[in-house]
> 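I'd like to ask some things about the structure below.
Note that this is a predicted model, so its numbers are computed, not measured. All values below were derived from every heavy atom in this structure, side-chain atoms included, with hydrogens, water molecules and symmetry-related copies excluded.
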Number of protein chains: 2
Amino acid sequence: MMLHAATPSNALAAGTAPLRPTFLARRSAADPAAATQALIADTLQRLRESGLPLHRRLVHAGDTVYRCGEAFKALHVLHSGFFKMVTITADGREQVVGLHFKGDWLGFDGIASGAYTCDAVALDVGEVWSVYYEALLTLSANKPGVTGMLHAAMSRQMARERESILSLCTLSADARVADFLRQWVEALDRRGLRTDRITLCLTRAEIGNFLGMTLESVSRALSRLVREGVINFAEKGRRHVRIADSQALGAYIARSLTPEPAALQ
Amino acid sequence: MMLHAATPSNALAAGTAPLRPTFLARRSAADPAAATQALIADTLQRLRESGLPLHRRLVHAGDTVYRCGEAFKALHVLHSGFFKMVTITADGREQVVGLHFKGDWLGFDGIASGAYTCDAVALDVGEVWSVYYEALLTLSANKPGVTGMLHAAMSRQMARERESILSLCTLSADARVADFLRQWVEALDRRGLRTDRITLCLTRAEIGNFLGMTLESVSRALSRLVREGVINFAEKGRRHVRIADSQALGAYIARSLTPEPAALQ
DNA sequence: CGGGCCGTTGACCACATTCAACGCGTGTGG
DNA sequence: CCACACGCGTTGAATGTGGTCAACGGCCCG
């Protein structure tokens, strides 16, 4: 498919997994799902006990947590729900640049410039906890763990954005859709939600926009995944996807990377 | 082409969304180049005066600042040079996920997991200042400005990664190359470096990898840009690009977004 | 000189977009 | 109540962008 290589001296680094006693590094624990759940619980717990004024807000599909251009004052922790981040360029291009779930922080994009640089839109009912950034900063001066928590959240988000770039650059359209499902399932899994039946709260157009393809291609890719037996649709509604074996998604992606049908090697 | 506004009512959020007044003004300062230069100078100044043990290191093309899998202990500020971030997936895909310049911070990807998640490779001679993350944290407890500086740097990096996603998802191959040049020029401009003659310190293969296309397509796109008069190559070597008018790059991108050929303008 | 690596260009073809038609569920107004 | 419009999803056929394969030229270095 795409090229790899070209840069010679890049072998995988032989670094051995370190192990940091900090509460940040719990992701590398044996069970990433359990680790993430602990992380989220810990985050919410800290916020609750911090004494900071928390603004809790219920949202419905289509509500915005913040909009592009608004003055940045607060960060937002997702207590439940699904959210998309949308940017609109000067020349009219619209782009979904990220998806977020329970436990994620929203609003980092506003720190550097003092104003949010995208819209944060709820895709379903959910609950958002908002905290003033300044308040969080002053708190973190006393409690060093808070800073670490924030940094780790940002770091994780950067890693996810890189995953997106990786997927966009190296995978075919079909594989991109499969990878999208894989990541969605993984996100749910890490949060202790059921992963055998998932509900996509995005339209085909939104998925396509996020994956850099047309809605028709998304539809075709999903149909192909059904035909291959990797997924199937629940009786009611074509947004409910049943994924018997989440490993199959990864296998499908890997399969589409090799020109060989199934020889060996 | 990729889709653009093909679907009119596309994913734009429900809710009113008339006009955002100030999303052009996000770089608040009148002169973004001067602002960035001040920011970089300020960052380096702070580090020098902080009393923290700084490890200064000279690098050459191909040297790694850190490698994927290494234990995360330090962040790195680029004092000069050009750097690429490369990830390698389990299934062998290799991907350039970011490019960095003077003033940028490297290593944020290691915070969450305790180990770096990509290779940071120098593309040219340069100088890197490394500082222990723990030391930075303890310092930031006393000096609140340090935390803000770090957060802003992370925020900026996230914004840039989103720019990449935007470019990958919404632009044709030719436009992507033009946008790549535009971003490179802009990065140089913000740092006070000359922008009329630039030197790409990446091979066509690396550019293509970063932009999600083949090296042949990069080569063709560049040739087309020359033919259109947007850029031209300096006599010596096809890595030296002359860009008489950096606006022309943006115009070329905009042109490629509209079906209209070239009525006037 | 020969053999890398890098860059360019051409010919061919496949994958994904485009354009189009259709089915389905839902909300709305006659 | 039904007719109708509308948003969403699916599928087909045609087109074209960009990938693949190949050949070639320039450059550097052993």
> Send over the distance from B:Leu200 CG to C:dC6 P, rounded to a whole Å.
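Going from CG in B:Leu200 over to P in C:dC6 covers 15 Å.
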> Nearest-Å distance, CG (B:Leu222) to P (D:dG18)?
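Whole-Å distance recorded here is 14 Å.
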> Please report the distance, rounded to the nearest Å, between CG in A:Asp174 and P in C:dC15.
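To the nearest whole Å, that distance equals 9 Å.
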> Could you please name the option among C:dT17, D:dG18, C:dG7 that lies closest to any side-chain atom of B:Ala173?
D:dG18
> Would you indicate which nucleotide in C:dT8, C:dG7, D:dG19 comes nearest to any side-chain atom of B:Met213?
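Comparing C:dT8, C:dG7, D:dG19 against the side chain of B:Met213, the answer is D:dG19.
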> In whole angstrom, give the distance that lies between atom CG of B:Leu171 and atom C1' of C:dA16.
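Going from B:Leu171 (CG) to C:dA16 (C1'), I get 17 Å.
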> With B:Asp245, which residues qualify under salt bridge (charged side-chain N to carboxylate O under 4.0 Å, His left out), at least two apart?
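Residues passing salt bridge (charged side-chain N to carboxylate O under 4.0 Å, His left out) with B:Asp245: none at all.
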> Establish, yes or no, whether a centroid distance under 6.0 Å links the rings of B:His76 and B:Tyr66.
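Yes.
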> Could you tell me whether a side-chain N or O of A:Arg191 sits under 3.5 Å from a main-chain N or O of A:Lys102, the two making a donor and an acceptor?
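A pair under 3.5 Å: yes.
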> Would you mind reading off the distance between A:Arg204 atom CZ and C:dC24 atom C1', rounded to a whole angstrom?
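Whole-Å distance recorded here is 13 Å.
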> If I take atom CG in residue A:Leu123 and atom C1' in nucleotide D:dC8, what distance separates them, rounded to the nearest angstrom?
16 Å
> Rounded to whole angstrom units, what separation is found between the CG atom of A:Leu225 and the C1' atom of D:dT10?
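So the two atoms are 15 Å apart, to the nearest Å.
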> So, are B:Glu216 and B:Arg220 salt-bridged, with charged N and O less than 4.0 Å apart?
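No salt bridge links B:Glu216 with B:Arg220.
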> What does the list of N/O pairs under 3.5 Å between the protein and nucleotides 11-14 of chain D look like, with a distance for each?
unit_1	atom_1	unit_2	atom_2	d
D:dT11	OP2	A:Ser223	OG	2.5
D:dG12	N7	A:Arg220	NH1	3.0
D:dG12	O6	A:Arg220	NH2	3.2
D:dA13	N6	A:Arg220	NH2	3.4

> Under the side chain to side chain contact (heavy atoms under 4.5 Å, CB included) test, which residues partner A:Thr87, sequence neighbours left out?
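With neighbours one apart ignored, the set is A:Gln95, A:Val97, A:Cys118, B:Leu166.
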> Is the backbone N or O of B:Val96 less than 3.5 Å from a side-chain atom of B:Asn209, with the two atoms forming a donor-acceptor pair by type?
yes
> Taking CG from B:Asn209 and C1' from C:dC6, how many angstroms apart are they, rounded to a whole number?
16 Å
